[in-house]
Amino acid sequence: MNVTEILFWILSALAIASALLVVLSKNPVHSVLWLIVVFFAISGHYILLNAQFLFIVNLIVYAGAIMVLFLFVIMLMNLNTDTEPQKNKWLKVAGVVAGGCLMLVFVAALKSSDTQQVQMGEGNIGLIQNLGKALFNEYVLPFEISSVLFLSAMVGAVVIGKKGD
Amino acid sequence: MLALLLILIPLITGVVAFFIKNEKSVKTWALVASLATLVVSIWSLIHQDNYHSVYSKEWLPDLGSSFSLGLDGMGRMLTLLTAIAFPVIFVATNKSTYKDSNQFYGLMLLSLTGLMGVFLATDLLLFYFFWELALVPAYFLCSKWGGERRIPVTFKFFVYTFLGSLIMLIGILYLYFINPDKSFSLSSIYKIQLTDRAQDILFWMFFPAFAIKMPIFPFHTWQPDTYEQSPTATTMVLSGIMVKMGLFAVIRWLLPVFPKTAHQYDNIIIGFSVVGMIYASCIAMVQDDLKRLVAYSSIAHIGLMCATLFAGNSTGTQGVMIQMFNHGINIIGLWVVVELIERQFGTRKMSELGGIAQKAPVLAMLLVIVALANVALPLTNAFVGEFLMFSGLYHFNVWYAVIAGISIILAAIYTLNMIQKVFYGNTNRVTENGVDINWNEKLILSVVVILIFSMGIYPKPMIELTQASVDSLVGVFK
Amino acid sequence: MNNVLNYIWLVPLLPLVGFLINGLGRNFLSKTLVSIIGCGVLLISFAVSVYIFMSVKSGNHEVVKLFDFISAGTLSIPFEFQVDALSSLFLLIITGVGFLIHLYSTAYMHEESNAHFARYFAYLNLFIFSMLLLVLGGNYVIMFIGWEGVGLCSYLLIGYWFKNTDYNNAARKAFIMNRIGDLGFLLAVFWMIQQFGSTSFGEVFSKANGISVAVLTGITLLLFVGATGKSAQIPLYTWLPDAMAGPTPVSALIHAATMVTAGIYMIARSNVLYTLAPVSQSVVAIVGLATAILAATIAIKQNDIKKVLAYSTVSQLGYMFLGLGVGAYTGAVFHVMTHAFFKALLFLGAGSVIHAMHHEQDIRNMGGLKKKLPVTHLTFLLGCIAIAGIPPFSGFFSKDEILAAAYEASPVYWIIGVAGAMMTAFYMFRLYASTFLGTFRGTEKQEHHLHESPAAMTIPLIVLAVLAVMGGLVGIPKVFAENAHSLEHFLSPIFAQSEELVKKEHALDHTKEIGLMAASVILALIAIVYAVNRFSKKPELQEAEGLGKVLANKWYVDELYDAIIGKPLKAISTFFNNVIEKSGIDGFVNGIGVGVQYASRQLRLLQSGQVGSYILLMVLGTIILMIVQLFVS
Amino acid sequence: MNVIVLSAIWGVVMMFSGLFIASKSKAKFIAIAGVVALLIANYFDLHHKVFINSDFNGLLRYDSFGLIFITIALVSTLLYLLLTGRDIEKVGNHVYEYFALLFFVLCGVGIVSVYNNFLILFLGIEIISIPLYILTGADKRNLKSNEASLKYFLMGAFSTGILLMGIAFIYGAKGTFGLEMPPIATPKLPVMISIGLIFLAIAMSFKVSAAPFHFWTPDVYDGAPTVFTSFMATVVKAAGFIAFVRLFEVSFGVMTDHWQFTIAIIIGATLIIGNVTAVFQQSVKRMLAYSSISQAGFMLFAVYSVNSLAKEGILLYSAAYCLATIGIFAVLIKMRDYTFDGFNGLAKQQPLVAFLTAIFLLSLAGIPLTAGFLGKYYMLAAAIKSGTYIPLLIIAMLCVAVSVYYYFRIIQAMYFKEGSADAVDVTSSYKGLLVFTATLIILLGIFPNSFLLDWFHVL
Amino acid sequence: MEGLMPINYYIFLALALFCIGVVGVLTRRNAIIIFMCIELMLNAVNLLLVAFSKMHHLNVLQTNPATNVGTDAQLFVFFIMVVSAAEVSVGLAIIVMMYRNTHSIDINFLNRLKH
C-alpha cells in the first residue's frame, strides 16, 4: 500500500463521487461545479500516470475553457435555480436500471480478463517534448484535419449563433 | 437472330409508340408492329436452324450471366401464340377508346417484349429480368385503364406476384453459387448435380413464384379480381399468355432442375391442383359477372395443366404443351366476345343480358363455338389437349383423373349456363336494340375459330413441333 | 384403288358439306334451296351407303385409315373408319330414316323464317355427320367424337326455339346428362389405353382375352355408364322426355331412331368385352329391364302425346339393353332397326297430328281425328300394332327374339319383360284411342283448321309404315323357318368371337318357344282390347289420384335428383364463393396486408419524439447486442 | 488526397466569397465550379497523381474502393447542386456559409472513404457530423428545424462517446490505432476486442441509421430543410457505409464468424422497422426517411459479408441509391404539399417529371433494369456467398415486397388518382438534369460493368 | 517494484464514470446537463486511453528501453479534447438558439417531430 495506490484510490473515489453528484444535484450550476471536480480528479490521475501534457491540457481546456463556457450559458439562461421539473419517474428508474445493466455487462465480461500492469510515475512518453515530436511528424495530417474541423465548427457557431435574421 | 428480332421489334416500336400522340395512328402502329412480330415468329417456324434460333452475347461477365436467347419447339409454339394473340387483341379492341392511347399501346408492346423475353431467355438471370419486365407494364395497364376497384386490386396482384419472384431470386442466387461453373446458362444449370436437401429447399423457392403466376389453388385469389378490373385487352394478355409463363417456367426451369423433389411432392401439388379444379368450377357456376366466370374457368383449366405436368409422363406432357397454345387461343376468343358484349351493352352481368342471339346471330354462333372449345368438345382444339392430359393423369393415378373429370361436367354446366343466360331467351331493355358485330370483329373471331378447328382436327403439326421438348423433359424427369 | 370401301369417307363428308353450306349461307339461301341441299346430300350419301352395304354383304370389310389424329409418345390414335356389317347396317338406318325425316321436315318446319329454316337443316345435317362418325369410327376415340357430336346436335336442336327458357333448360339438361355419361366413356377409354395401349377395335378385341376379368368388368361398366347417358337408361334417362321440347322430326330422328341407339351400337360393337365380363352383362340386362318397366309405368299416365312416345322409347331401349345383357346381340340390333322404323313412324305421325292441331300436344284435347287425318291415322295405327308386338308386324319378331333370349337367361327376366310388353301395348293403344277414336275435344277453331298434312309429310309416313310392317321379315326366327334369319347371318362375323366364347349349350326347344310367343301375344292383345274400349268412349280427363298421381309425376325422379344433386351442388358452390373464397383464402391474403398496416401503426409509436426514450432504447439495444456478442455467440 | 485538400480549401473560398459577393444567387455557381474542380482533382487522384506529395504514415489508404466512392459522391453532389442549388438560397441568409459547410462535409466524406486509422476515422466522422448539426438547424426560424438540430446533436454526441469507447478498447487490445488486426489465435475472441467491435458497430450503425440506433433519422430528416435532408440522406449516408464496410473488412474481416450473427440481428431489425414503419406514413418526406432506413438495412448486407462482391455491390448500391434519392428529393422540393395526396394527378400536369419520378421509385423498389435491382442483387449475392441464414434473406424479401407498397403509393397518386398536383418553377434544364439522372440509373441497371464496376478492377 | 497498478482498476474506474455519464444522459431533462454527462463519458474514455497507453508502453519497455509506444494514445486523447471543444461550441450554440426560440431547454418539449 504505497503512496501511489493511496492517491489512486482517493482520486478514484473523488472522481466517482463527484460524477454521481453531477447527475444527482438539482441545480445545474452545482452540476457544473461537480463536473469540474471530476475533471480535476481525472487530471490527478494523469499526473499519477505521468502524462503531464494531458494534465495541463485537461485543466486548461476542460476545467478551464469548456466548463466556464457552460457556466456562462447557464447563467445566461438563468437556470441557476433548480427549475428542472421532474422527469417521468419510470423513465428515471428505467434509465438507472439501464445504466446499471450496462455496467453489469461490462463487469461480467471483463472480470475474467487477464490483468496487465500499468506503469505509474515514471516514463517519458507523456512529456510535451515527445508528444510534440510525434504530433508534428506522423500526426501532422490529423492535426491539419482538426483545423478544418475547427473551421467548420466556427462557421457553424456563427451561422447558428448570429442574431437578427 | 430471329430470337433477337422477336424482342427488339416490340421493344423499339413500343418505345416509339409513346411518342405517337394521335390515337388512330398509334393503333395502326401497334397493329403493324404486332403483325411484324407475327411474321418473324412464323418465319422462325420455317427456319429452325441454329443461326436463326440462337443468339448470345456477353452481358454481365462477373455475374456469370450472358444475354443469350434460344428458340426450341416449345419456345416457338409460345412465341407464336404470343405473336398471334397481340394482333388479335389489337383488332378486337380497335373500337374501344383509351385515354392516353399512346401510353396504352406503348405499354402493351412493352409487355409483349417482356413475354417474348421470358419464352426466349436461355439464361436464368435474363429470364428473371424479363419475368419482372412482363409484370410491370401489366401493372400499369391494369391500374390506369381498369375498373373502379382497380388500384387496390392490381396492387395486390403486383405485390403477390412480385413477392413470389423475389423468393425465386434467392433460389436463383443459391443455384448460381451451387453451380460449379458459376454460370446461369440453361445448359450448365441442367448439368448441376444437386443434393436432395438443396433440391428440396430450392424447389420450394422456385415453385411459389410459378404457382402464383399460373395460378393454382390456393394462390389464385388475385386472379379473378384482376381479370375483372383490368381492361379487357390487358385481361387477354394476362390470361392468354402471362398465365402460360408460369407453366412454361415450370417446364423450362423447375422440373428439369429439381426432378427428384418434383417427384417427391407430386402428389401434394397434383392434389391441390385437382381440388382447385373442382373448387374453381364450382365457384364459376355461381358467378354473375362474365369476366369472373371466365377467370375461374381458366383457373380450373390451368389446374389440370399443372397437375398433368407433375404427373410427368410423355402423353400428359404432350397434352399440356399443345393445351398451352389452345387454351391461349380459346380464352382470348372468350375475352373478345366478352369485350364485344360489354362494349355494346355496357354490362357484363349475365342477369342483365339475354336474347342476344336474336340480335347478333353471328356473334352468338361464334361464341357458342368458342365456348364449346372451352368445354373441350371433340374436334375443337381443347379436346386434343385435354384428352392427352387426362390420359396422362390417368396413367399417374386413376382417382385424380376421376375427380378432375368431374370438372368436365361442371364446365359444361357453367358454360351452357352462360350461353343460355347471355344469348338465348328473350331480349330485355338492355339488349333489345343490339346489333351484330362488324366485319373486323367477325374476322378476328373467325381467325380464332379457324385455329380452334384446325388444331382440333389436325393437331399433328403442333404435336411434332413440341415433340422434342416433351421428350427431353420426360427424359430428364424419369 | 377400285375398292368401293375406300370411298367411305364420302358418306359422312356429304352431310358435313351440307351443314357448311346451309350454315354459312343461311342468310342468302332460299328455303327451297336449303331443303334441296339438306335432303340432297343425304340422299346421295344414302345411295353410297346402299352401295357400300351391298359390297359388305358380298363379304368384304376393312378398316380405312384416313390420317393420324393424335400421336403422342407411344400412344397413336389414327382417324380411321371401320366398315363392316354392323356399321354398314347402321349407315343404312341413319341415312335412310334420316333422309325421310329431312324430307318430312321441309314441310313441317315451313313456317320458320329463312335463316332459322337453314339453321335447322344445318343442325340436322351436322347431326347426321356426327352420327355417321359414331358408327363408322374405327376406334373408341373417333366413336367418342361422334358420341359427343350427336350430344351437341341434340342440344342445339332441342334448344332450337331458343327464345323459350324451358326449352333451353331441357337442352342443357340433355347435354349435361350426356356429359356425365361421356365421362364414364372417357374413363373407359383411358383405361383401355392403359391396358391395351390402343383404342382401335381390332387391337382391343384381339387382346381382350388376355386381360383380367376384373379390369374388363370395370371397362365395360364405365362404357355402360356412357351408354346409359346416351341411350337414356336408369339413372340418366330423365333428359329424354324433356328433350321432346325440340321440333317433332328431331324427336323422331334423334330421340327415337338414331342417337339414342348409339349406346346399343357401342355395346354391340364391343360385344367381345361384354361377353368376357359376365357381371357387367347382367348389370346391363337388369338396368335395361328396370328401365323398360319404369318407363312403361310412367308412360301409362302421360297425357302429352310426345311424352308418351318418349317414355315408350325409353322402355324400348330398355328392351334392347336387356337383349344385349342376355347376349342376344343380333336381337338387340334387330330391335334397333325395327324400332327405328316404327318409332320414327309414330313420332312423325304424332308430328302430323300436332301440325294439324296447331301445336296442340295434349291428348285430352284431341280425339276423333280418324276421319280428319286418314293417312296419319292409318299409319299411326300400324305403328302401334308394330310396337305392341303383334305378328307379323316387325316389332313382334325383334322383341320376341329378345324375350326368348331373356327366358334362356332367366325366366324372371321373361316374366317382367312380358309385363312390360303388355303395358306397352296398353299405353300405346290408350294413346291411339284417345287421339283418333271418340269425339273431338279441342276448340272449334282447331276443329275448323283440321286438315291432312301435305305430301312431303305423308310420304315418309307411308314409307315408314311399310317398313314397320315388313321390317321384321329379315329376322324370322328358326321356329318358323330354318336360317331365314338373314340379319343374323349378315351380322354373324361381328358377333362370331362372342359366339364361340359362350357355347350355346341348349337352344330353347321350339314348342316352348312358340308357347312363350303365344303367351306374350295374347297378353298384348288383351291389353289392347281393354285400352281401346276403356279410352275410345271416355278418356280420362280428371287429374290422376294415388299411384296414378305418382306415375303422372314420373315417380318424382326429377325432384329427387334435384334434391340430392342439384341443390347441394348449388349450395356448396355458393359456400365456396362466399365463405371460403372471399373470407377464407382471399381474407387471409388481404389479412396479411392489414396486419402490416396495423404493425406499422404500432411500430410508429416507438418514434415517440422524446430524445430520452430514444437514447434509452439505444442503450437497451447496446446491452442486448453486447449480451449476444459476448455471451451467446 | 487532392479532393480532401481542395474541398477544405474550397470551403474557405466559399466563406470568403461570402464576404465579398453581395448577391446570394452567385453562390451556387461558385459551389458548382468547386465541385467540378473537385472532380478534376479526383481524376488525378484516380491516376495517383497527388499535388501535395507526402506519405501519411499509413494513416490513409488509397484503394480503388475508396476512390470510386469519392467519384460517386462527387458526381452525386454535382447533380444535387445542379438540381437543388437554387433551393439552398431559400433556406436562410448565410448561403455562402451553407455551401462552405457542404464542402467541409465533402472533405469529411473524402476522409472517411480512405481512412486507415481509427484517429482519422474519428476525425472524419466528426468533420462530417458537426457541419450537419448546423445545416439541420439552418432554418433558424423554424422550430422543427431547431428541434431536429438539437436532437441530432445530442444523440450524435452520445454516439461519439460510444465510438470512442470502442476505439479505446480496440487500442487496449492491440496497442495501435491502425486498422489492420493481427490474426486471432484463440478460438474465442478476446473480450476487449469483442466489446470494442460491438461499440464500433453501434456507433457506425448510428451514423448509417440502422435499428435500433436509427431513431434520430426520421425526426432529423423530417425537421431539416429538405435540400439538406437530400444531401444527408444520400452522400453522407453512403459515406457512412463506405466507412463501415472498410472498418469491418480491414479490421474484423479476419474474424467474420465471430460477429456476423450480431450484424444479422441489426440487419433484420433495420429491415423490419424501416419498412413496416414507412407503410403508415402520410408525409412523403418522412416516408423517404424511413425508406432510407430500410435501404440501409439492405446495404448492411455488405457489412455482413465483407467480400469483393460486397464491395462492388455497396458501390453500385450507393450510386443507385444516391441518384434515385437525390432525384426524388429534387422533385419533392418542387411540390407544394409533401403528403402523398400532394402528388395526386401529377402525371397530368408534368408527365415527364412524373415518369422520371416513377423511374426513381422503381429503382428504389428494386425492379429490374434499374440500378436499384442490381444493387439489391449484389447485396444478396454477397450475403449468400459468405454463407447466410435463409430466414434473414426471406425477411429481406418480404420487406422488399412491403417497400413496394409505399413506393408505389406515389406512383398510384401520380398516375391513377385524380388531382391537380403541380410542381412549381420547373425549368427545362431541371427536367434535362432529371432525365440525365434517370438515364444514369437505367444505364447502371443494364451495363453496371462498363459504367462502374470495371474500374474496380482497373484502378 | 514500486508504481505498478493492474489495468483492470483503471478499466473499471473508466467504465464506472462512463456508465454514470450514461445514466445522467438518461435521467436528466436539461439539455445542458445531458451534454455535460456526455462530456463526462468522453473523459472516461480519455482516462482509459491514457491508462492503456501506459500499459502498452510498459509491455514494450521490457524488450526495448528506448520505445515511445503509447504516444499515439495520448495524442488521441489530445484530439478528443480538441474535438469535444469544437462540439461544445457548436452544441452550446444550438442550445442557445433553441432557448431563444422556445425559452426552454427541456428536451421533453422537443416533440413536434414524432411518429
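Chain letters run A, B, ... following the sequence lines, proteins first and then strands; every chain starts at 1. These numbers were taken from a predicted model, which means no experiment stands behind them.
- Between the side chains of A:Tyr62 and E:Ser84, at least one donor-acceptor pair of N or O atoms lies under 3.5 Å.
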* Mind running ring-ring contact (aromatic ring centres under 6.0 Å, His included) on E:Phe12 and A:Phe106 for me, showing each step along the way? => CA-CA 8 Å; E:Phe12 287 124; A:Phe106 276 125; 9.2 Å; no

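- One distance of note links OG of A:Ser43 with CG of E:Asn46; it measures 10.0 Å at 0.5 Å rounding.
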* **Steps toward side chain to side chain contact (heavy atoms under 4.5 Å, CB included) verdict (A:His45, E:Tyr10)** => CA-CA 10 Å; A:His45 278 292; E:Tyr10 276 104; 3.6 Å; yes

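- Heavy-atom pairs under 4.5 Å with chain E were tallied for A:Ala15, A:Ala19, A:Ala98, A:Ala157; the largest tally goes to A:Ala19.
- Considering all non-hydrogen atoms of both residues, A:Lys92 and E:Thr27 come closest at NZ-O, 3.5 Å.
- In this structure, chain E has no heavy atom under 4.5 Å from any part of A:Phe72.
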* To do: Take E:Gln74 and A:Phe53 through the test side chain to side chain contact (heavy atoms under 4.5 Å, CB included) and record every step on the way to the result.
  => CA-CA 9 Å; E:Gln74 302 211 5; A:Phe53 174 65; 5.8 Å; no

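- Note that the CD1 atom of A:Ile16 and the CD1 atom of E:Ile20 stand 5.5 Å from one another [nearest 0.5 Å].
- Ranked by heavy-atom pairs shorter than 4.5 Å toward chain E, the options A:Val38, A:Val61, A:Val22, A:Leu110 are led by A:Leu110.
- A heavy-atom distance below 4.5 Å is found between the side chains of E:Val88 and A:Phe70.
- Contact tally against chain A (heavy-atom pairs below 4.5 Å) for E:Ile32, E:Val96, E:Ile94: the top residue is E:Ile32.
- Comparing A:Leu35, A:Val93, A:Leu24 by heavy-atom pairs within less than 4.5 Å of chain E, the highest count is held by A:Leu35.
- Looking at A:Val107, both its backbone and its side chain come within 4.5 Å of chain E, counting heavy atoms on both sides.
- Both the backbone and the side chain of E:Ile95 come within contact range of chain A, each with at least one heavy atom under 4.5 Å from a heavy atom of that chain.
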* E:Ser53 and A:Ile125: side chain to side chain contact (heavy atoms under 4.5 Å, CB included), yes or no, with the steps? -> CA-CA 9 Å; E:Ser53 91; A:Ile125 54 165; 4.0 Å; yes

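- Separating the CG atom in E:Leu47 from the CG atom in A:Leu54 is a distance of 10.5 Å, to the nearest 0.5 Å.
- Contact annotation: the side chain of E:Val90 never approaches that of A:Ile160 to less than 4.5 Å [non-hydrogen atoms, C-beta and beyond].
- Here the closest non-hydrogen pair linking E:Ile33 and A:Pro28 is CD1-CA, 3.8 Å.
- Of the listed residues (A:Gly100, A:Ser31, A:Ser152), the one with the most heavy-atom contacts under 4.5 Å to chain E is A:Ser31.
- When each of A:Leu69, A:Leu48, A:Val97 is checked for heavy-atom pairs under 4.5 Å with chain E, A:Leu69 comes out on top.
- Only the side chain of E:Val22 comes within contact range of chain A, judged by heavy atoms closer than 4.5 Å.
- Interface summary for chain E: among A:Val57, A:Leu135, A:Leu149, the most heavy-atom pairs under 4.5 angstrom belong to A:Leu135.
- Between A:Asn58 and E:Met81, the closest heavy-atom pair is OD1-CE, 3.5 Å.
- Ranked by heavy-atom pairs under 4.5 Å with chain A, the list E:Thr71, E:Val23, E:Leu61, E:Val83 is led by E:Thr71.
- The two residues E:Lys54 and A:Val118 come nearest to each other via the heavy atoms CB-CG1, 3.7 Å.
- Distance CG/E:Asn59 to CD/A:Gln119: 10.0 Å, rounded to 0.5 Å.
- Between E:Phe79 and A:Phe143, the distance from one ring center to the other does not fall under 6.0 angstrom.
- Using a 4.5 Å cut-off between heavy atoms, E:Tyr9 contacts chain A through both its backbone and its side chain.
- Interface residue E:Val69: only backbone heavy atoms are found under 4.5 Å from chain A.
- Of the listed residues (E:Thr67, E:Leu92, E:Asn68, E:Ile11), the greatest number of heavy-atom pairs within a distance under 4.5 Å of chain A belongs to E:Leu92.
- Here A:Glu5 contributes atom CD and E:Leu4 contributes atom CG; the two are 9.5 Å apart, rounded to the nearest 0.5 Å.
- Here the closest heavy-atom approach between residue A:Ser12 and residue E:Leu13 is recorded as OG-CD2, 3.6 Å.
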* To do: Could you go through the side chain to side chain contact (heavy atoms under 4.5 Å, CB included) check for A:Gln117 and E:Met55 one step at a time?
  => CA-CA 6 Å; A:Gln117 297 301 311; E:Met55 176 185 93; over 6 Å; no

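- Contacts between E:Leu49 and chain A at a heavy-atom distance below 4.5 Å are absent for every atom of the residue.
- Considering all non-hydrogen atoms of both residues, A:Met77 and E:Tyr99 come closest at O-OH, 3.5 Å.
- Heavy atoms of other residues, nucleotides or ligands lying less than 6.0 angstrom from CD of A:Gln129 number 12 at most.
- When side chains are defined from C-beta on, E:Leu17 counts as touching A:Ile42, because their heavy atoms get closer than 4.5 Å.
- Rounded to the nearest 0.5 Å, atoms CZ (A:Phe39) and CG (E:Asn43) are 4.0 Å apart.
- Within a 6.0 Å sphere centred on CZ of A:Phe150, other residues, nucleotides and ligands contribute more than 12 heavy atoms.
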